[in-house]
Amino acid sequence: MATYIGAIDQGTTSSRFIVFDRTGRIVSVAQKEHEQIFPKPGWVEHDPAEIWRRLEEVITEAMAAKGLKPSDLAAIGITNQRETTVVWNKKTGQAVYNAIVWQDTRVGDTVAEFTAKGGQDRYREKTGLPLATYFSGLKIRWILNNVEGARAAAEAGDLLFGNIDTFVIWNLTGGVNGGVHVTDVTNASRTQLMDLKTLQWDEQILADFGIPRKMLPQIRSSAEVYGKATFGPVKDVAIAGDLGDQQAALFGQACFKPGEAKNTYGTGCFMLMNTGEKIVPSKCGLLTTLGYKIDGKPAVYALEGSIAITGALVQWLRDNLNIIEKSTDIEPLARTVNDNGGVYFVPAFSGLYAPYWKDSARGVIAGLTRFVNKGHIARAVLEATAFQVREVLDAMETDSGIELANLRTDGGMVVNHLLMQFQSNILNKPVVRPVVQETTALGAAYAAGLAVGFFKDTDELVANWAEDHRWKPSMEKEKRDQLYHFWKKAVTRTFDWTE
Ligand SMILES: Nc1ncnc2c1ncn2[C@@H]1O[C@H](COP(=O)(O)OP(=O)(O)O)[C@@H](O)[C@H]1O
Ligand SMILES: O=P(O)(O)OC[C@H](O)CO
């Protein structure tokens with residue numbers, strides 16, 4: 001009998017394959033980064049063929065490392081960077097253009113055009129989302145309008161659209177030889193093409209954006225069997241879970257009750273609160289989105305605060321300024337100084353997401369003097385994450401009417417003690433990290449395991465959650481208020497930069 005569950009986590013920075021046991025502990029893991037392609041300012045792309053190759057490599061490596069056979073896995077779940085848009089030819093399997101990554105701002109003009117016609121919130125009631133460069137719908141439109149022959153091929157039924165989940169499942173289940181073309185409600189909710197209530201593609205928005213219905217995947221639940229893997233090391237294993245990565249982290253953190261929330265610190269930062277079967281509209285700049293849907297049960301919704309640039313700013317310091325060699329160097333560098341030296345770094349590299357939704361904002365380093373050194377810059381980089389999370393948490397508490405007793409965290413940045421302590425100080429709340437920090441992959445594994453009966457129910461999953469570390473607030477109110485005041489002031493300096 002199969003003793004494990006596999007999870008593919010295809011993130012913005014890297015791809016992982018993780019094998020979990022029944023208690024949610026990691027048995028085997030392999031991870032590989034892929035190239036970040038920046039063809040022009042504000043453009044961000046990935047090569048879908050490279051992503052698929054990296055996945056083949058990490059699956060092969062993680063299975064081989066522990067001598068695992070396909071029959072050792074009860075099922076595989078998929079989780080993925082959301083919104084990132086791939087359009088490919090279903091006869092050749094080749095993408096017609098690179099994947100346009102969620103952070104890409106190339107559709108800024110189209111957003112402005114649609115906003116001028118009906119306001120930024122014209123699709124909010126139906127989709128939960130404001131018009132912004134972030135979501136997939138306008139990215140698909142860009143490909144159809146700008147890649148030679150793409151629109152005609154799409155209309156002829158030769159092209160398929162998918163977010164990364166769809167592209168991976170299609171390839172994993174046979175590709176040109178009968179791959180299944182599906183997505184789940186959480187991923188579909190990020191396209192701005194799905195109606196939150198009906199959980200179906202919305203014909204009016206498709207017509208407005210000029211997107212042929214036939215290129216879209218079928219929308220399914222997040223936990224059901226979609227097909228079987230055809231790829232060697234996992235051949236015939238059921239593909240049974242699909243969740244966007246932030247929703248997967250909500251699932252992996254066992255936030256199954258309304259009012260429970262998590263915050264994931266990766267390339268960007270994403271706070272999600274479970275709102276149960278209720279669709280809660282936001283008045284404070286959050287998104288209304290799908291939380292998850294278990295097959296045969298009602299959909300569960302969420303409020304989300306999305307921040308585009310958090311860990312990516314650490315990468316930028318490493319790759320573009322070469323101030324550090326690796327991400328972990330930022331903490332010792334930031335510890336060479338006592339405070340930020342008056343520096344505030346607002347990383348509006350992709351405009352500002354929640355709670356502002358301003359595509360035309362661009363990054364700013366404010367408060368520079370000759371006193372400032374690279375230690376202060378490093379500190380300002382880390383503090384930028386914490387300040388942005390404070391803005392989102394304030395919005396979340398107002399929109400939901402729920403005050404969080406503490407903040408459950410996960411993601412690549414939560415190993416950084418300086419950041420987590422500052423986060424707790426600036427929120428004036430305890431910040432908590434669970435034992436298994438790979439909650440994203442764990443959530444996908446949980447969904448797949450529930451679908452095939454490997455796990456009985458969500459109560460069994462709640463019992464797996466265990467606290468690893470807790471940071472407690474230790475900052476005077478006056479100091480906290482002063483820091484936050486200057487952060488807010490620095491944010492205003494980013495507004496309306498592009499014209
Ligand atoms: N010690 C650290 N301090 C601060 N940031 C870190 C540290 N280690 C990793 N990071 C950042 O965390 C991010 C990777 O987190 P991860 O959750 O793997 O991201 P993703 O799922 O978006 O690919 C990178 O942007 C990296 O810069
Ligand atoms: O790949 P991550 O973890 O940065 O997550 C990206 C988000 O899904 C974008 O919405």
[atom1]/[X] to [atom2]/[Y] distance, rounded to the nearest 0.5 angstrom?
X    : Y    : atom1 : atom2 : value
T289 : L196 : OG1   : CG    : 7.0 Å
W88  : W52  : CH2   : CH2   : 11.5 Å
L216 : H181 : CG    : NE2   : 7.5 Å
L138 : I143 : CG    : CD1   : 12.0 Å

Any chance the side chains of [X] and [Y] put a donor and an acceptor closer than 3.5 Å?
X    : Y    : value
S360 : T498 : no
Y134 : Q192 : no
E45  : Y97  : yes

**OP:** Dump the intermediate steps for ring pair (Phe, Tyr, Trp, His ring centres under 6.0 Å) on Y123 and F209, then the final yes or no.
**Re:** CA-CA 12 Å; Y123 301 117; F209 286 9; 5.6 Å; yes

**OP:** Please report the C-alpha distance between W43 and F38 in whole Å, then the side-chain angles of each, then the deciding distance to 0.1 Å, and finally whether the ring pair (Phe, Tyr, Trp, His ring centres under 6.0 Å) criterion is met.
**Re:** CA-CA 6 Å; W43 291 30; F38 307 111; over 10 Å; no

Original post:
How are the rings of H469 and W471 set to each other: parallel, tilted or perpendicular (split at 30° and 60°)?
Top reply: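 If you compare the ring of H469 with that of W471, the planes turn out tilted.
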
Original post:
Y292 vs F256 aromatic rings, parallel, tilted or perpendicular, using cut-offs 30° and 60°?
Top reply: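 Because their plane-to-plane angle is over 60°, the rings of Y292 and F256 count as perpendicular.
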
Please say whether the positively charged group of [X], taken as NZ for Lys or CZ for Arg, lies over the ring of [Y], i.e. under 6.0 angstrom from the six-membered ring centre and within 45 degrees of the axis.
X    : Y    : answer
K117 : F114 : yes
K358 : F495 : yes
K139 : W142 : no
R82  : F270 : yes

**OP:** Carefully, step by step, assess E304 and R190 under the rule salt bridge (Lys or Arg N to Asp or Glu O under 4.0 Å).
**Re:** CA-CA 11 Å; E304 171 174 325; R190 317 299 294 198; 2.9 Å; yes

